[in-house]
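Notes to accompany the following structure.
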Amino acid sequence: MLAWCMRATGWQVEVAATGEEALLVAYDFHPDVVLLDLNLPGVPGLDVALRMRDDEVLQGVKVVAFTAQDRLEAEPAALAAGCIAFVAKPCMPDDLRALLESLVFDDAAE
């Protein structure tokens, strides 16, 4: 649903179902921002974030942690892994879009 909402407002969206696929998609498309579910099958989301943070090609990609996990436990680990923001599920699509736009377009203006 979130992918549909983002596409409806003009965003190019690629979706990955596993951690391994997320890394491949990131390499193929080099996105401005990644909305990363921390509960991905295969390679967990925190490991994906760590790999992206430590990879010369992907380390500039902004990663937003997205999870239903307890915020008090998950947010510090996500930020330590290189995520620049944390979004708890469920969330309102308009709020998420506004956050992603601020991360992409506010930084582009600087």
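Starting from 1, each residue takes its place in the sequence as its number. If you're wondering where the values come from, they're calculated on a predicted model, not measured in any experiment.
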Cluster companions of Leu40 among Ile, Leu, Val, Met, Phe, Trp, Tyr (side-chain spacing under 4.5 Å) = Leu23, Tyr27, Val34, Leu36, Val43, Val48, Met52, Val57, Leu58, Val61, Val63
Point-to-point distance, once rounded to the nearest 0.5 Å, from [atom1] of [X] to [atom2] of [Y]:
X: Lys62; Y: Asp32; atom1: NZ; atom2: CG; answer: 6.5 Å
X: Met6; Y: Gln12; atom1: CE; atom2: CD; answer: 12.0 Å
X: Leu96; Y: Leu2; atom1: CG; atom2: CG; answer: 5.5 Å
X: Asp94; Y: Glu101; atom1: CG; atom2: CD; answer: 9.5 Å
X: Cys91; Y: Leu35; atom1: SG; atom2: CG; answer: 7.5 Å
X: Glu73; Y: Thr67; atom1: CD; atom2: OG1; answer: 11.0 Å

[X] vs [Y] side-chain heavy atoms within contact, under 4.5 Å:
X: Val104; Y: Trp11; value: yes
X: Arg97; Y: Thr9; value: yes
X: Phe29; Y: Leu24; value: no
X: Asp95; Y: Leu99; value: no

For the side chain of Arg7 and the backbone of Val13, is there at least one donor-acceptor N/O pair under 3.5 Å apart?
-> yes
Minimum heavy-atom separation for [X] and [Y], please, with both atom names.
X: Phe86; Y: Arg71; answer: O-NH2, 3.4 Å
X: Glu20; Y: Pro41; answer: OE1-O, 3.9 Å
X: Leu38; Y: Ala65; answer: CD2-CB, 4.0 Å
X: Val15; Y: Val25; answer: O-CG2, 4.4 Å

Residues in side-chain hydrogen bond (donor to acceptor under 3.5 Å, both in side chains) with Arg53, at least two apart?
-> none
Common cluster, Trp4/Met92, ILVMFWY with side-chain heavy-atom separation under 4.5 Å = no
Do Gln59 and Asp54 meet the criterion of a side-chain donor-acceptor pair at a distance under 3.5 Å?
-> no
